[in-house]
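Just below is one structure, and these are the notes that go with it.
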Amino acid sequence: FQGKIYATPATRELCRILLLDSAYLQEEEAKFANKRGYSKHTPALPLYTRADAEQAMENFADVHFHKSVRISEDFSFELIPAGHLLGAASVRLVGGGKSIIFSGDLGRDNDPIMHAPEVPRGADYLVVESTYGNRLHVKSDPSEDIKQVVLRTIARKGTVVIPSFAAGRAQLLLFYLKELRRKNEIPDIPIYLNSPMANSVNGVFRKYTSVHRLSKEEAIAVCQTAQVVSTPEESRALNEDTEPKIILAASGMASGGRVLHHLKAFGTDSRNSILFAGFQAAGTRGESLVHGKKEVKIHGEMWPIRAEVINLESLSAHADAAGIETWVSGLNPKPRHVFVTHGEPLASRALGDALQKIHNLEVSFPDLMTTVEL
């Protein structure tokens with residue numbers, strides 16, 4: 001690929017935001033760990049710095065959807081909208097007389113913001129994700145679910161803390177909260193967006209309206225739903241505020257970021273709620289909490305969790321098993337072989353079995369570093 005990272009313009013801008021913010025968080029976490037002395041490393045160091053992130057961004061090159069890009073005499077590729085995040089794409093690679101599709105993360109057909117994933121032309125081989133390969137999304141209305149959490153938390157005079165992914169999920173949550181406010185279905189309590197990264201993503205969301213369903217005016221209204229918390233001092237002040245409110249803060253799986261300070265401040269009080277908004281990977285704090293763990297380690301200390309914990313999987317940005325199967329079955333011609341990846345073992349196996357038995361496809365489950373000659 002000539003040393004370049006090809007991406008849609010929206011994805012490139014998101015990557016820059018995410019990398020820089022991630023680097024900043026790692027730098028701050030390392031400082032905090034060194035100050036408190038809870039790291040096993042002396043000194044604690046970030047995995048990468050903001051300077052490293054800026055250097056990485058120099059390798060990006062913009063590619064628009066449906067444009068064939070030749071990267072050598074024999075190889076070319078095309079990006080196809082995947083509907084997962086702003087600018088997210090599946091990749092169709094052609095070379096050596098064969099073709100292969102990498103699905104990437106596939107979005108949902110009924111997402112209120114993102115377009116449905118587009119089915120590309122078929123290929124000889126397919127590498128497909130399987131995040132929700134063994135599950136169907138619940139049929140509940142996310143708007144109603146959020147409404148009920150907010151109303152019962154306010155009735156307890158509590159605060160709703162929402163660990164949120166900065167790209168995609170934060171904007172979806174703001175969309176639902178905006179609509180609930182507009183319809184007067186929740187009280188006009190303060191809503192805070194405590195994620196500089198999510199606020200930066202909002203700028204991309206407003207700029208690239210062509211890659212989602214909302215108009216520019218609608219996108220602006222969504223982004224104006226919450227008060228933006230900019231500084232660490234403002235973030236700390238929220239923890240001292242005892243009035244009912246809603247706080248959206250990264251990270252979505254409670255693995256780092258400002259939300260950890262809110263979990264320490266609000267998680268110990270049964271009046272409050274912690275609302276997770278989608279898939280929680282194994283081994284994360286989010287996964288521990290949604291499975292009922294009553295004590296979690298944060299910044300080197302154990303903290304009791306007495307707040308109500310809810311996980312709304314109806315907010316997931318991933319296609320479920322039926323959605324993936326439908327997308328795969330739309331490929332024409334159908335692939336000679338399907339490689340099922342990017343999922344927990346049970347999810348990958350369930351999806352692969354369905355593709356094999358129901359859709360009559362040849363399937364395998366490659367391990368990390370597996371090499372296959374096509």
**Fill in**
Of all heavy-atom pairs linking L331 and G122, the shortest is CB-CA, 4.2 Å
Side chains of [X] and [Y] only: does a donor on one sit below 3.5 Å from an acceptor on the other?
X    : Y    : result
Q171 : N202 : yes
Y48  : S22  : yes
H342 : D105 : yes
S200 : R16  : no
D367 : T370 : no

State whether [X] and [Y] are salt-bridged, where the test is any N-O pair (Lys NZ or Arg NE/NH1/NH2 against Asp/Glu carboxylate O) under 4.0 Å.
X    : Y    : answer
E27  : R50  : yes
E301 : K264 : no
D269 : R306 : no
R156 : E308 : yes
R121 : E78  : yes

Side-chain heavy-atom pair [X], [Y] within 4.5 angstrom cut-off:
X    : Y    : answer
V340 : V338 : yes
F77  : I71  : yes
I80  : F65  : no
S143 : F175 : no
L14  : V201 : yes
V150 : I146 : yes
L289 : V296 : yes

**Item:** Axial cation check for Y132 ring with R135, 6.0 Å and 45° limits
**Value:** yes
**Asked** F365 ring centre to R349 NZ or CZ under 6.0 Å, with the angle to the axis within 45°?
**Response** yes
**Message:** Set out, in order, the CA-CA distance, both residues' side-chain angles and the distance that settles side-chain contact (heavy atoms from CB on, under 4.5 Å) for E118 and H66, then state yes or no.
**Reply:** CA-CA 11 Å; E118 185 177 314; H66 304 121; 2.7 Å; yes
**Request:** Measure the acute angle between the ring planes of F205 and H212, then classify it against the limits of 30° and 60° as parallel, tilted or perpendicular.
**Result:**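 Parallel.
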**Item:** Donor-acceptor contact below 3.5 Å, side chain K245 vs main chain D241
**Value:** yes
**Request:** Determine, step by step, whether T11 and T8 satisfy the side-chain hydrogen bond (donor to acceptor under 3.5 Å, both in side chains) criterion, reporting the C-alpha distance in whole Å, the side-chain angles of both residues, the deciding distance to 0.1 Å, and the verdict.
**Result:** CA-CA 5 Å; T11 298; T8 62; 2.8 Å; yes
**Item:** Spacing of OG1 belonging to T153 relative to CD1 belonging to I246, to within rounding of 0.5 Å
**Value:** 8.5 Å
**Asked** Can you tell me how far CD1 of I247 sits from OG of S164, rounded to the nearest 0.5 angstrom?
**Response** 13.0 Å
**Message:** Consider side chain to side chain donor-acceptor pair (under 3.5 Å). Of H261, R258, E234, which one does N194 pass it with?
**Reply:**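 Looking at H261, R258, E234, the match for N194 under the side chain to side chain donor-acceptor pair (under 3.5 Å) is R258.
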